[in-house]
Every structure is written in C-alpha cells, then in structure tokens.
Amino acid sequence: MPWSELDTAAVARALSQIAEQPDDVVDAYFERREEVELPPEDNAPGLRVWREEGFAVRLLRGQRCWMASRDGIAERPFAEALRQVARALPSVGYPEPQVRPAPTASLEDVASELRDFPAAVARAIRAHHVGIAVRMTLRRHRRWLQVVGPRLVAEPQSERFYGCVVESSWGRCGALLPRLDAAAAEEVAAATVALFRARHAPPPASQHGVVVLAPAAVAVLLHEAVAHALEADVLARGGSPEAALGLALAAPCLDVLDDPAGAPPEVRRTSDDEGLPVSRRWLLRGGVVEQPLADTAWSRIAPALVPGAGRRGSRHLPPGPRSTHLELLPGDCKESDLLAQAGGGLFLPTASRGGLDPLSGEFTLCLPHGRRIRRGALGEPVGPCTLRGQVADLLARATAVGSETVPAGAGWCAKGGQKLPVWATAPALRLEDVTVEADA
Amino acid sequence: MTAAAVDATVEQVLRELVRRGLPEVEVLTKRGRSRRLVLELGNETSAYSQERAWAVRASSRRGSFFAAGAGELPAGEAWPELSGRAFRLPEPEAAAPWSQPSDFEAPLIGESEGLQLLAGLGRELAAELPGARLLHAALEDGSSEGELASSRGLRVAFRRRLATLRLEAAGPGPGPGRPGAGAAFYLAAREARGFHPKALARRLADRLSVEATGAPPRQGSAAGSGGAGVPRGELLLAPPVAVTLLAHLLPLLIGPEAAARISSLRDRQGRIGSERLTIVDNGRLAGGALEYPIDGEGMPCREAVLVEEGVFRQPLLAWWQVNGAAPGAASGCCRRPSWRDLPLPGPTHLYLRPDPRLSVAALLADVVDGHYLIDATGPARFDPAGDRFALPVCGFAVEAGRATAPIARAWLCGTVAALFKGIAAVARDLFFLPLDGMLGSPTLLVTGLELRAAP
C-alpha cells in the first residue's frame with residue numbers, strides 16, 4: 001500500500017475544520033493507479049504504461065456538493081483544495097498535513113507477468129483444434145485508494161485485474177480477468193473459438209420465444225437490467241427513489257445481490273469509494289426490490305436507502321451509486337433441464353454489450369452468436385442478434401435459474417463517463433416469451 | 001502557439017533517452033484546470049480540478065514504449081523496456097501565422113455564474129413546455145496549456161480552451177408515475193458563456209413536444225409517397241440529423257483505406273454525390289471549438305477538401321499515412337484528446353460546406369410535400385454490406401412550406417449513395433456537434449430517402 005506515510009490523523013483534523021455544520025459530510029479521497037498495456041506485437045509504440053496519483057476533497061451540505069481535485073499528492077495543493085471547498089475562510093491558513101505517498105516502483109520490467117499470457121491463449125486455442133491468427137491487447141489495472149473523513153479513516157483498498165481484447169478476422173471479444181492463469185487463458189480461448197465457429201452462421205430469424213442465457217450473458221443482463229435500473233439516480237428520474245422499495249420488478253425466481261466483499265479476492269472491497277463499509281445488498285429478493293444502490297448524497301435525499309455503493313471513476317469526478325459485484329443466487333435447475341424445456345429456442349453464451357434507456361426503460365442486450373436448442377441439446381450455431389424489451393417485462397419472463405454459479409467479469413461500465421470494471425457471479429438463466437431480433 | 005523554450009526537465013529527458021540509443025523521442029507536458037457544475041434532480045455539484053501530466057514515447061530500431069503519468073515529468077528514471085514495432089516522429093514544420101482568439105484568455109466560468117446558467121435553462125424549459133423538467137445538466141469549462149518537444153527538434157507550446165454541456169430532459173408525462181418523452185443533448189463551445197439557455201431550452205422543448213405529440217409517418221400518404229406506400233417526398237434534415245449520419249460515414253472519409261471503401265459509391269462520371277456535397281476537415285477552422293494551428297503531434301493543420309462538389313478528392317490522412325497508397329496530402333489531423341492518449345488521425349472540424357446564400361426558411365418554403373426532421377432520437381443502424389441505413393428521427397410533416405403535424409417514432413431509411421446523390425440544397429446554418437471530433441452540417445434538402453414507421 002502506498003499510504004503508509006500518509007498522516008491520516010492530520011488529514012482528518014484538517015477536514016474537520018471545514019465541516020462547520022452538524023450534517024456536513026467531508027472527505028478526502030487519495031488515489032494511485034497504474035495501467036500497463038502490452039499491445040499486439042505489430043503495434044507501435046510497444047509497451048505502454050500509465051501512472052497517476054492525486055486526491056479530491058469534498059464537502060456535502062444539504063443537496064449541495066463542492067469538490068476540488070488535483071493531480072499529484074502534496075501538502076500545499078491539499079491545503080489549497082481545502083480552501084477551495086470550504087464555505088467560510090478562516091483567518092489563518094489551513095494546516096498542511098503530511099500527505100506524501102510512498103514512491104512508485106521503477107518502470108523497468110513492469111510487464112514481466114503479462115508476457116506469457118498471449119502464448120498461453122494461443123496454446124489454449126490450438127487445444128480446441130483451431131488454428132487462427134489473433135491479435136491480443138492485454139492490460140493490467142492496479143488501483144490503490146484511501147478515503148479519510150473527519151471522524152472515520154477507512155481501511156485502504158486496492159484492486160488488481162486484467163483486461164484482455166482479442167481480435168481476429170471474425171470479430172473481437174473482450175474479457176475482464178481477476179488473474180492470468182490457465183483458466184483465464186481457456187476462458188479467452190473459448191470465447192475466441194466460439195466466435196470463429198459461428199463465423200458463417202446466419203443471424204436467427206427475429207422471433208418471440210425462449211432463450212437460455214449462459215452465465216457470462218447473465219452477468220451483462222444483471223448489470224444493465226437490474227443494477228442500473230436500481231441505482232438511486234436512475235430511479236430518481238421517474239420520481240422518488242424510495243418508491244421502488246417493495247416493487248415486484250422481476251420474476252420470483254430472481255434473487256440478486258450486490259456484494260463487493262464477495263468479489264474475487266483481487267478486486268474484493270470492504271469499503272466503497274466514499275470510505276463507507278460495503279454490505280451484502282439485496283437488490284431483488286424473490287423478484288421484489290429490497291435495497292437499491294445508493295451513495296451518501298442519495299441516501300441523504302432518500303433516507304430509506306442505505307449508502308455504501310458509491311463509486312468513482314476518477315478523483316476528478318464525484319462518486320455516484322453503482323454496483324461492484326453482482327450475484328444471482330442459484331436455482332435448482334441443472335443446465336440440461338434448462339435446455340430440455342427450451343426446445344426451438346436459442347442458447348446465448350455471451351453478450352458483447354448491453355444498454356438501458358433510463359427514461360423509457362427499454363433494454364437491449366447484444367449477443368454476438370449463439371446456438372439453436374433442439375431436443376434439449378445445442379444445435380447449429382446462429383449469428384449476431386439482440387435481445388430487446390422493457391426491463392420489468394423482460395425480468396418478469398425469467399422462468400428458471402441454473403444451479404451452478406460461475407464468476408464472470410461483466411465488463412466495463414461507462415455510465416456518466418465514469419469507466420468502471422463490474423463483476424458478477426451468476427448461473428445460467430432461462431427467459432420465455434422474449435423478443436430476439438436478428439442483427440444485420 | 002509559439003516555438004517554445006521548453007522546461008529544463010523536458011530537455012533532460014530528451015537527452016537521456018537519446019543517449020540510451022533511442023533516436024525518436026517525444027515529450028509532452030500539460031497543465032489544465034476545469035470547473036464542472038452539475039444540476040441533477042435537485043442536487044447541485046461544483047467541482048474544480050487542476051491537472052498536471054506528462055507523456056513520453058520513444059523508439060529505436062529494436063522497439064518502442066509509451067509512458068505517461070500525472071504530476072511532474074520524472075527525470076533520471078528508468079523507462080519501460082522496448083517492445084513492439086519501431087516508429088518515427090515527424091520532422092518539424094512551421095505552421096502558417098495564426099492569431100490566438102481572444103476567448104482563449106477568458107477566465108473559466110464562475111461557480112455561481114455557471115449554476116445560474118443551468119438553473120436558467122431549467123426555468124426556460126419549464127416556461128417553453130410546462131411540465132417538462134431538466135433531469136441532468138452538466139457544464140464543464142476547461143483550459144489547458146503545455147509543451148511538446150521531440151528529438152527531431154520540435155519545440156512548441158500550445159493552449160486549449162473548451163466547454164461542454166450535457167443536458168437530459170423529460171417532457172410532461174401522460175399520467176402520474178408515467179414518464180414523458182426524453183431528450184439528451186451534448187454540445188461543445190470554446191467557452192461556457194457561448195451556451196445560450198433560452199435557445200437551448202427552446203430546442204429541448206421542441207424535441208420533447210414533438211416526441212410527445214408526434215405520430216409515426218402515415219404509410220401510403222397520397223402526396224410524396226413512394227411506390228410501396230412509403231413517404232419519399234422532400235426531406236429537410238436539420239443539422240443534428242445530418243451530423244448523426246455523417247458520424248457513421250467517417251470510415252468512408254478517414255485513412256488510406258477510405259479511398260477503396262468509397263469507390264463503390266462512384267457513378268460512371270466518378271461522382272459520389274450531388275454537386276451540393278462538399279466535405280472538408282479543418283483543424284484551424286476560425287471560430288471552431290477545437291481551433292488550433294497545430295495537431296497533437298505538432299504538425300501544422302490545414303484545410304483538407306475530402307469531397308468537392310460531389311467528387312471524392314482524398315481521404316483524411318496523417319503525415320505517416322501519405323505513401324502513395326491513397327490520393328492526397330496530409331493535413332495535420334492527429335488528435336490527442338488527453339495526455340493519456342496516443343496521437344491518432346481523426347477529424348477535428350469535419351463538415352459539409354454550407355451555402356451562405358440559402359437560409360433554412362428559404363429551403364422550408366420550397367418544400368411542397370415532405371418532412372422537416374429536426375433531430376435524431378437514437379443511433380443509426382447500418383447494414384455495412386448493403387450500404388443501407390435506418391436512423392430514428394422526429395420532426396414535422398410539411399406541406400406547402402408549412403409544418404402540418406408532428407412526426408415521431410419515425411425512421412429515416414435509405415442508402416449512403418442515395419443520401420449523397422439526393423442532396424438538392426444546403427442551407428447556411430452550419431452547426432457542429434462533439435461526436436468523433438467536431439462534426440458539422442448545415443440543414444440539407446434531400447430527396448430519394450424514405451421515412452418509415454419501422455426500420
């Protein structure tokens with residue numbers, strides 16, 4: 001952790017000076033991040049490294065928020081930021097607490113652990129008896145956080161994960177991976193091979209029927225249709241966010257939680273980006289909305305909402321309510337049973353992206369390929385298609401949940417320009433009477 | 001832009017890396033500040049950011065690297081190992097004389113001034129369309145300056161000034177708990193004071209009102225109908241509609257491969273569009289939000305005419321793409337949106353050239369039976385193989401130059417060739433949107449496209 005030399009007690013004392021009113025919320029957010037990218041071999045420049053650190057000071061008073069942020073972490077800029085955020089200036093300057101982080105490691109050899117992975121994926125692709133040329137971009141993401149409040153100093157947090165994009169003549173696929181091991185190489189290889197094997201498959205005819213979504217596609221569905229739909233700021237567009245509590249949004253078979261502490265160890269969190277402890281938050285219990293996602297600001301407006309889901313894409317942007325690690329609790333249906341009752345339908349293993357229009361509630365899930373289900377087994381491949389519908393209507397059409405959950409990186413979410421990784425653990429899911437449109 | 005005496009640390013890093021056997025070295029340093037003001041459903045946020053960052057890229061024949069970071073440029077550091085392919089940097093070129101616009105010196109918008117602008121927008125919207133409300137309004141006003149230096153002798157200082165405004169609004173709902181139509185705008189100007197609340201509120205209100213009250217186009221309407229009962233009359237495309245289509249057509253205009261891609265649109269005379277179609281890109285467009293005499297690699301920007309009176313002249317090319325594979329010359333079009341990004345070719349101000357003699361009112365008056373499409377309500381769907389597109393739009397039905405009924409949930413359908421060749425007139429109201437760079441178009445009078453109720 002780079003925060004060993006950060007005098008958090010002195011920072012807390014300095015913050016307490018600008019919290020003049022009893023309900024004021026003040027915090028300082030310190031961030032260091034590093035990204036190392038290994039582009040495809042034929043790209044220039046070669047190895048790419050981004051390193052940054054900085055901080056933000058924030059004051060929340062009523063429904064107003066003031067924030068000042070800086071690149072770099074040093075005493076003088078910190079005192080300046082305090083002064084910019086404070087609503088009343090003291091007769092003497094603010095103290096300059098020691099805020100220097102530990103020095104960064106040398107840039108030499110930052111990519112050693114990335115080098116073997118492209119070869120491991122190539123081997124895994126060959127193990128599928130497929131020989132195709134691929135171009136891989138591999139990026140390691142590391143982030144260290146420290147949030148300090150006037151009365152609470154949260155435990156430092158860190159995240160480490162990998163982003164991988166594979167391009168071939170038949171399209172591109174991406175994955176977020178908590179670690180680079182043999183299982184990760186196989187996951188990437190399997191997705192690449194599936195895209196290759198579906199290369200000549202025509203899109204399915206637009207239809208209204210049954211689909212079985214594999215866990216990777218369920219992860220994107222949960223993120224777009226459940227998590228985004230239950231973010232306090234999205235709910236507020238239709239009225240009071242609290243009005244959603246107790247609403248039957250989905251089929252009774254859907255139990256969905258956001259549990260940052262249950263994420264893979266490399267990205268596990270004990271506190272959010274506002275320094276508040278995270279909780280195992282039931283978004284849907286038996287299809288009924290129980291606890292939407294909220295941060296401090298929204299929980300002050302809607303007191304029935306519990307904070308602890310505040311996330312920020314950067315120190316320069318204020319936090320907002322977002323999910324971190326979604327879980328769909330397993331049902332009692334084996335995958336073979338899910339398929340057995342889906343004759344004539346589609347098995348959709350992965351989703352390339354999804355979208356939710358917060359005002360209209362229209363939801364789309366883009367699926368790059370799939371398989372026809374025939375007599376309870378997977379049949380011929382089909383090409384790209386889109387699952388489309390109204391969120392509540394779509395979630396109400398879930399009829400069975402698989403019994404085996406698997407971790408899946410749902411992918412990058414860029415709501416409001418704040419790009420954040422989102423994770424999920426999900427089983428397969430069967431939806432009936434849903435609309436699937438063929439893609440051009 | 002000036003030939004700069006760069007920071008001593010920059011010179012030190014250049015020397016260090018050249019001494020280590022890397023003949024191609026480029027160092028960028030950048031400082032910026034911005035104010036961001038947000039109104040969202042009763043919440044008010046005021047944020048002030050100061051950024052300071054650097055980026056270094058270097059290459060030898062053995063490979064290359066790119067390193068970037070926030071804070072001070074590190075000197076005397078170990079740099080990343082070399083990998084990938086080698087690259088070369090451009091030879092410095094002098095840019096034509098340019099006078100910095102006065103608004104580069106304007107201070108950032110103040111907190112109360114900016115919040116008043118947003119609140120005023122909300123009030124104006126409510127006045128224009130009772131029941132409508134602003135869901136989200138975010139104003140960001142920023143400026144930056146920096147230096148770019150290379151081992152080839154480039155030494156330039158640069159400044160940037162840009163403000164953006166993101167608006168989301170909802171119209172009056174049809175009943176309690178039922179939200180109305182929504183609309184979102186994203187706009188850019190050189191400084192925040194360039195946004196006019198009343199005009200923006202009117203645009204939002206028009207869009208919301210049309211979406212709320214409009215109906216899909218009638219199939220088989222008598223006048224102006226195509227053979228299959230699809231309205232095919234004259235279509236007046238307002239700038240947001242034309243720009244949304246243009247954004248999807250950039251692959252036909254950018255990079256060496258564009259010449260081959262666009263060749264399928266050529267007719268026997270070698271034309272790809274009507275005589276009214278002229279498309280240019282110009283990084284130093286006077287008054288443009290991104291106006292500047294040099295690009296992200298320090299190369300001079302100049303106007304590049306990509307399509308002239310319906311004839312394809314050249315694609316947009318960076319200096320390293322000019323190798324005879326495609327016609328044309330480089331125009332200084334490598335963009336570097338942030339210190340985190342590598343310079344990449346792309347449009348700066350790419351636009352359909354307007355006709356200063358024609359007003360929108362004059363074009364509208366000439367529409368006997370057709371539609372005036374004021375906005376795109378979603379992204380276009382393109383069939384890359386068949387060249388066909390479908391764009392969700394809203395607007396008005398027009399008869400004898402007068403709007404007769406609002407149209408919503410409509411799809412503008414056709415082919416790229418029909419769009420280019422069907423441009424019958426262009427107005428003078430050039431308008432830019434921040435999409436992939438600033439993309440602009442005036443109002444277009446087009447024939448040969450269809451307006452459908454479904455894609």
Side-chain angles (χ1 to χ4, degrees), chain A residues 35-54 56 58 62-74 77 80-81 84-85 104 106-111 115 233 236-239 243 297-298 301 315-318 357-361 416-417 439-440, chain B residues 31-32 34 36 38 40-53 55 57-59 63-72 74 77-87 111 135-136 138 166 168 170 173 176-182 340 342 378 381-386 388:
Chain A
E35 292 174 21
V36 179
E37 180 180 292
L38 200 59
E41 278 179 10
D42 57 351
N43 258 25
L47 190 61
R48 299 163 191 191
V49 183
W50 295 262
R51 276 183 170 172
E52 53 187 296
E53 61 187 24
R58 178 179 67 147
Q63 286 186 251
R64 300 188 70 183
C65 169
W66 294 270
M67 204 180 91
S69 60
R70 296 285 188 283
D71 283 341
I73 299 177
E80 281 172 13
Q84 281 172 344
V85 164
T104 52
S106 165
L107 282 168
E108 270 182 326
D109 206 24
V110 286
R115 299 213 176 282
D233 53 344
R237 289 164 185 240
W298 282 103
I301 295 168
R315 58 197 169 276
H316 297 302
L317 293 167
D357 182 332
L359 268 182
S360 67
D439 280 3
Chain B
R31 301 160 299 284
S34 65
R36 183 180 161 83
V38 182
E40 186 178 32
L41 300 164
N43 289 335
E44 194 179 286
T45 301
S46 168
Y48 182 76
S49 301
Q50 279 188 13
E51 299 180 83
R52 187 177 188 89
R57 55 178 178 149
S59 176
S64 54
F65 76 79
F66 172 77
E72 298 293 334
E77 284 261 339
W79 294 94
E81 66 205 71
L82 301 179
S83 70
R85 278 173 48 184
F87 66 81
E111 180 183 315
L135 299 174
H136 178 92
R166 186 180 293 279
E168 288 175 48
R178 296 171 65 195
R340 294 177 183 87
L342 284 158
R381 298 185 189 177
F382 263 78
D383 168 10
R388 290 195 66 80

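Chain letters run A, B, ... following the sequence lines, proteins first and then strands; every chain starts at 1. Fair warning: this is a prediction, and the values are worked out from it, not measured in the lab.
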What's the verdict on side chain to side chain contact (heavy atoms under 4.5 Å, CB included) for B:Val38 and B:His136, showing C-alpha distance, side-chain angles and the deciding distance? CA-CA 7 Å; B:Val38 182; B:His136 178 92; 3.8 Å; yes
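Among the candidates B:Ala138, B:Ser34, B:Ser83, B:Ser49, the residue making the largest number of heavy-atom pairs closer than 4.5 Å to chain A is B:Ser49. Counting heavy-atom pairs under 4.5 Å between each of B:Gly71, B:Ala68, B:Ser59 and chain A puts B:Ala68 at the top. Each of B:Ala47, B:Ala70, B:Ala53, B:Gly84 has some count of heavy-atom pairs under 4.5 Å with chain A, and the biggest count is that of B:Ala70. The candidate from B:Gly63, B:Ala58, B:Gly42 with the greatest count of non-hydrogen atom pairs under 4.5 Å with chain A is B:Gly42. In terms of heavy-atom pairs under 4.5 Å with chain A, the best-connected choice from B:Arg381, B:Glu40, B:Glu51 is B:Glu51.
Judged purely by atom type and a 3.5 angstrom limit, A:Trp50 uses its side chain to pair as donor or acceptor with the backbone of B:Arg340.
With a 4.5 angstrom heavy-atom cutoff, B:Ala86 touches chain A only via backbone atoms. Within the 4.5 angstrom heavy-atom criterion, atoms from both the backbone and the side chain of B:Leu41 approach chain A.
Looking at A:Trp66 and A:Gln84, their side chains never bring a donor and an acceptor atom within 3.5 Å of each other.
Figure legend: B:Arg57 and B:Phe87 shown as a cation-pi pair, the cationic atom lying under 6.0 angstrom from the six-membered ring centre and within 45 degrees of its axis.
We find the CZ-CG distance between A:Arg237 and B:Leu135 to be 5.5 Å, quoted to the nearest 0.5 Å.
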